[in-house]
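Data first, discussion second: the structure below is written as structure tokens.
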Amino acid sequence: MHQQNWLITGVSTGLGRAFAQAALAAGHTVVGTVRSEGDLRAFEELGSGGSGDARAYGRSLDVTDDDAVAGVIAEVERNVGALDVVIANAGYGLEGTFEETPLAEVRRQFEVNVFGAVATLRAALPPMRRRRRGHLMAVTSMGGLMAVPGMSAYCGSKFALEGILEALGKEVAQFGIHVTAIEPGSFRTDWAGRSMIRAERSVDDYDELFAPIRAARQKASGNQLGNPAKAGEAVVRIASLDEPPAHLVLGSDALRLVTAARTAVDEDIRAWEALSRTTDFAEGAQL
């Protein structure tokens, strides 16, 4: 495996940190973005004493600041080196039923999870296009391919990012650039703990459905099935391939839930195929 230059947003904790550690262990150089000076110093210490020529460079960044995102990536290209792999990982979970979640919180969810990722990938794309190589990735979620009660805003943001990535991959394949959506299941990070924003309960009618879901998620936090270190190893592995996947589902729980959700969609399509066909003109252009 040749040495690569990586940039990963949101490396202070969780899967972002795991991806960075795995890439450093594999001998790559990693630029990681964080929100605080303390996290920046802690991240850069990961590169001291690492194997081979691996080094960790920290950058402070708010991914919702478009100009700052563009500036950081341009600076990294100048001072660290041409980026081979970019992972838009920064994001967070917003839990709450659709009716109880304030609209301002929904907008904030999309600002970080969708527009923050888009800004990161857009800034990294032009130099990769000029070089005719590179690998763009973003962490969506199993919640980008299936949805559960009480996570409408989060799943909506991840569904949106999935669509963007799929179209992007088809646009840039001609330039030798790969695009991968990373779709983790439940991993043993603080995503469902202190990192999650929880909308206040306000409508009693949802108690029977949603109260057990919220309680179960809080109880499971810290005991999830997924191993972040193994997720990091999986991502490093696909970054070394000549033909990496467009979708990387991580975790057996994600495989089970995503498969069930996609089967349900397929069943709806088949069940209502005849009605779907009734909406055509007798003659018209097929896409």
Side-chain angles (χ1 to χ4, degrees), residues 4-24 28-48 50 54-94 105 107-128 134-141 154 157-158 160-161 164-165 168 179-182 184 189-191 194-197 228 231-232 235 239:
Q4 298 171 328
N5 293 326
W6 289 47
L7 183 140
I8 307 170
T9 62
V11 298
S12 57
T13 59
L15 287 177
R17 174 61 66 94
F19 298 155
Q21 288 174 314
L24 288 166
H28 303 309
T29 294
V30 181
V31 180
T33 76
V34 297
R35 294 294 301 275
S36 74
E37 288 299 318
D39 287 339
L40 188 151
R41 290 190 296 272
F43 174 73
E44 290 189 333
E45 288 173 2
L46 293 176
S48 60
R55 299 186 66 184
Y57 297 89
R59 296 291 188 272
S60 295
L61 181 65
D62 175 355
V63 296
T64 65
D65 184 335
D66 299 346
D67 292 338
V69 171
V72 164
I73 289 180
E75 180 273 323
V76 168
E77 285 266 342
R78 289 194 306 270
N79 297 324
V80 177
L83 290 169
D84 301 292
V85 178
V86 172
I87 304 180
N89 165 75
Y92 70 97
L94 172 60
E105 292 291 346
R107 287 196 174 99
R108 175 64 180 170
Q109 179 82 117
F110 275 68
E111 282 292 336
V112 176
N113 289 6
V114 181
F115 295 108
V118 167
T120 300
L121 300 180
R122 286 190 83 250
L125 175 56
M128 286 186 175
H135 196 165
L136 298 172
M137 305 191 213
V139 178
T140 66
S141 167
Y154 177 77
S157 72
K158 296 303 188 177
L161 188 53
I164 291 168
L165 293 172
L168 172 62
V179 177
T180 298
I182 303 170
T189 68
D190 63 1
W191 178 85
R194 67 177 179 85
S195 294
M196 178 170 281
I197 303 298
V235 168

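Within the model, atoms CD1 of Ile73 and CZ of Arg78 stand 12.0 Å from one another, a figure rounded to the nearest 0.5 Å. Taking CE from Met196 and CG from Leu94, the interatomic distance works out to 8.0 Å, rounded to the nearest 0.5 Å.
Counting heavy atoms from C-beta outward, Arg35 and Asp39 have side chains that stay 4.5 Å or more apart. Contact of the Val76 side chain with the Leu7 side chain is registered, since non-hydrogen atoms from C-beta on lie closer than 4.5 Å. Residues Val69 and Leu61 are in side-chain contact: their nearest non-hydrogen atoms beyond the backbone lie under 4.5 Å apart. By the 4.5 Å heavy-atom criterion applied to side chains, Val114 and Gln109 are not counted as neighbours. Put simply, the side chain of Ile182 reaches to within 4.5 Å of the side chain of Val235, judged on heavy atoms. A heavy-atom distance below 4.5 Å is found between the side chains of Val118 and Ile164. Within the 4.5 Å cutoff, the side chain of Thr33 has no heavy atoms near those of the Ser60 side chain. Put simply, the side chain of Glu105 reaches to within 4.5 Å of the side chain of Ile197, judged on heavy atoms.
Annotation for Pro127 and Ala123: closest pair CD-O, 3.9 Å, computed over non-hydrogen atoms. Considering every non-hydrogen atom in both Ala82 and Glu77, the closest pair reads CA-OE1, 3.7 Å. Contact detail for Ala18 and Pro228: the closest heavy-atom pair is CB-O, 3.3 Å. Residues Ala119 and Asp66 approach most closely at CB-OD1, 3.9 Å, considering heavy atoms. When all heavy atoms of Thr189 and Gly14 are compared, the pair lying nearest together is CG2-CA, 3.7 Å. Closest approach of Tyr57 to Phe43, counting heavy atoms only: O-CE2, 3.3 Å.
Counting heavy atoms of neighbouring residues, nucleotides and ligands inside a 6.0 Å radius, atom CZ of Phe110 exceeds 12 of them.
Here side chain to side chain donor-acceptor pair (under 3.5 Å) pairs that include residues 6-19, with residues two or more places apart or in two chains, are Gln4-Trp6. For residues 113-124, the side chain to side chain donor-acceptor pair (under 3.5 Å) pairs, not counting sequence neighbours, are Asn113-Ser157.
Residues that satisfy the side-chain contact (heavy atoms from CB on, under 4.5 Å) test with Leu168, not counting sequence neighbours, are Leu121, Leu125, Leu136, Glu171, Val172, Val179. For Glu75, the salt bridge (Lys or Arg N to Asp or Glu O under 4.0 Å) partners two or more places apart in sequence, or in a different chain, are Arg59. The ring-ring contact (aromatic ring centres under 6.0 Å, His included) test applied to Tyr154 returns Trp191, not counting sequence neighbours. Evaluation of the side-chain contact (heavy atoms from CB on, under 4.5 Å) rule for Ala22 yields Val236 as partners, not counting sequence neighbours.
Met137 pairs in a side-chain contact (heavy atoms from CB on, under 4.5 Å) with only one of the listed residues (Ile8, Val86, Ile87), which is Ile87.
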Check your understanding: Please walk me through it: do Asn5 and Val85 pass side-chain contact (heavy atoms from CB on, under 4.5 Å)?
Key -> CA-CA 6 Å; Asn5 293 326; Val85 178; over 6 Å; no
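Using a distance-only test at 3.5 Å, with no hydrogens or angles considered, a donor-acceptor pair links the side chain of Glu44 to the main chain of Gly58.
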